[in-house]
Amino acid sequence: MRITGGRYRGRNISCPPGVIRPAMDRMRESMFSILGTIEGLSFLDLFSGSGLVGIEAASRGCDPVYLVEMDGKKRKTIKQNMSIVESDITLYMMSVQRFIHIAPMAYDIVYADPPFPMKGKERLSLKIAEAGVIQDDGLFIIHYPSEDTMHDTIGTLTCIDERKYGRSMLRFYRNHTT
């Protein structure tokens, strides 16, 4: 796995042990292209796996960046991967459901890549929005299998873009709390 753009472009990232489905290079490159200039924006990577998407966000100028991963077996590899980042990046080893209740701030961009077999992705998206971890007018991006369905509106989230990559979908939601 490699970083596709920004300051750390071309650097390789290690894959931790266990079940992992890293975001494809093409999909990540496309996602960050859609986002455009993100320098100075805060970024939250939920279900971070190897930390690759959050590290890519840091590579492209996001600061601060937070990673959330529950699987303790991935800690060592994520920490090793994070070591190349010179800006503010923090790892929380806990469930996403727990983190959203203790999140230290609201983020400009929240990216969620829950395990494909996980049920209730839309309900989780609603809980994330309701917990206040997405800035007003901020973005929520979810990566999910194309056979799943997601509504265009989920609470305060409104879908503004959708892209398909093989059997993967990326949905971009704008958060409007006012």
Side-chain angles (χ1 to χ4, degrees), residues 1 4-5 13 15-16 18-36 38 41-57 60 62 65-71 74 78 92-103 105-178:
M1 300 182 306
T4 63
I13 297 296
C15 189
V19 176
I20 190 163
R21 181 192 32 79
M24 301 179 290
D25 286 358
R26 183 177 64 102
M27 186 199 77
R28 269 185 297 108
E29 202 162 9
S30 174
M31 179 180 85
F32 283 105
S33 177
I34 291 164
L35 290 173
I38 55 175
L41 298 180
S42 56
F43 192 94
L44 174 60
D45 179 4
L46 300 172
F47 305 96
S48 64
S50 65
L52 178 60
V53 173
I55 293 167
E56 179 104 23
R60 293 168 183 264
C62 282
V65 173
Y66 287 77
L67 312 175
V68 179
E69 176 55 54
M70 186 171 74
D71 185 351
K74 296 176 181 164
I78 296 169
Y92 283 84
M93 295 300 300
M94 64 180 59
S95 73
V96 166
Q97 292 83 351
R98 182 167 167 234
F99 177 82
I100 63 174
H101 295 292
I102 65 151
M105 62 187 281
Y107 302 85
D108 296 305
I109 303 168
V110 176
Y111 172 78
D113 192 358
F116 270 26
M118 183 181 144
K119 302 287 184 212
K121 292 177 185 73
E122 193 164 299
R123 187 173 54 249
L124 175 66
S125 301
L126 178 61
K127 286 182 180 181
I128 290 167
E130 290 176 341
V133 296
I134 309 166
Q135 289 275 3
D136 187 36
D137 208 36
L139 289 175
F140 174 69
I141 305 163
I142 186 164
H143 178 208
Y144 64 96
S146 58
E147 54 270 11
D148 287 0
T149 57
M150 299 282 290
H151 285 93
D152 289 340
T153 303
I154 304 170
T156 58
L157 302 173
T158 303
C159 183
I160 59 169
D161 199 350
E162 177 182 78
R163 304 293 171 104
K164 185 174 182 175
Y165 306 90
R167 71 172 281 254
S168 292
M169 297 294 292
L170 266 187
R171 265 207 165 201
F172 296 76
Y173 289 89
R174 178 78 58 200
N175 187 42
H176 293 292
T177 57
T178 54

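For Phe99, the ring-ring contact (aromatic ring centres under 6.0 Å, His included) test picks out Tyr92, with sequence neighbours left out. The ring-ring contact (aromatic ring centres under 6.0 Å, His included) search around Phe140 returns none, not counting sequence neighbours.
For Asp108 (side chain) and Leu41 (main-chain N/O), no donor-acceptor pair under 3.5 Å exists by modelled atom type. Without hydrogens or angle criteria, Thr158 side chain to Thr153 main chain gives no donor-acceptor distance under 3.5 Å. With hydrogens and angles disregarded, no donor-acceptor distance shorter than 3.5 Å links the side chain of Glu122 to the backbone of Ile154. Side-chain atoms of Gln135 never come within 3.5 Å of backbone atoms of Asp137 as a donor-acceptor pair (strictly under, hydrogens ignored). For Asp113 (side chain) and Phe47 (main-chain N/O), no donor-acceptor pair under 3.5 Å exists by modelled atom type.
Closest non-hydrogen pair, Met150 versus Ser125, comes out as CE-OG, 3.6 Å. Heavy atoms only, all atoms of each residue included: Ile134 and Asn175 are closest at O-ND2, 3.0 Å. Between Arg28 and Thr4, the closest heavy-atom pair is NH1-CG2, 3.6 Å. Nearest heavy atoms, Gly54 versus Leu67: CA-CD2, 3.7 Å. The two residues Tyr144 and Ile142 come nearest to each other via the heavy atoms CD2-O, 3.8 Å. Looking at every heavy atom in both residues, Ile78 comes nearest to Gly51 through CG1-N, 4.4 Å.
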**Message:** For a side chain to side chain contact (heavy atoms under 4.5 Å, CB included) check, start with the C-alpha distance between Val53 and His143, then their side-chain angles and the critical distance, and finish with the verdict.
**Reply:** CA-CA 11 Å; Val53 173; His143 178 208; over 6 Å; no
**Item:** Test log, rule side chain to side chain contact (heavy atoms under 4.5 Å, CB included), inputs Leu124 and Met118
**Value:** CA-CA 10 Å; Leu124 175 66; Met118 183 181 144; 3.5 Å; yes
**Message:** Could you walk me through whether Val68 and Ile100 satisfy the side chain to side chain contact (heavy atoms under 4.5 Å, CB included) test, starting with their C-alpha distance in whole Å, then the side-chain angles of each, then the deciding distance to 0.1 Å, before giving a yes or no?
**Reply:** CA-CA 10 Å; Val68 179; Ile100 63 174; over 6 Å; no
**Item:** Worked verdict on Leu46 versus Ile128 for side chain to side chain contact (heavy atoms under 4.5 Å, CB included)
**Value:** CA-CA 10 Å; Leu46 300 172; Ile128 290 167; 3.6 Å; yes
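The only member of Phe43, Tyr111, Tyr107 that meets ring pair (Phe, Tyr, Trp, His ring centres under 6.0 Å) when paired with Tyr66 is Tyr107.
At a threshold of 4.5 Å between non-hydrogen side-chain atoms, the residues Arg60 and Leu35 do not count as touching.
Counted within 6.0 Å of CE on Met70, heavy atoms from surrounding residues, nucleotides or ligands total 12 or fewer; the atom is thus considered open.
In this structure, Ile141 CD1 and Leu44 CG are separated by 11.0 Å, a value rounded to the nearest 0.5 Å. Atom CD in Glu56 sits 10.5 Å away from atom SG in Cys62 (nearest 0.5 Å). One finds the SG atom of Cys15 at 8.0 Å from the NZ atom of Lys74 (value rounded to the nearest 0.5 Å). The structure places OG of Ser146 at 11.5 Å from CG of Leu170, a figure rounded to the nearest 0.5 Å. If you take CZ on Arg174 and CG on Asp136, they are separated by 10.0 Å, rounding to the nearest 0.5 Å. In this structure, OG in Ser168 is found 6.5 Å from CE in Met27, a value given to the nearest 0.5 Å.
Here salt bridge (Lys or Arg N to Asp or Glu O under 4.0 Å) pairs that include residues 143-159, with residues two or more places apart or in two chains, are Lys121-Asp148, Glu147-Arg167, Asp152-Arg171.
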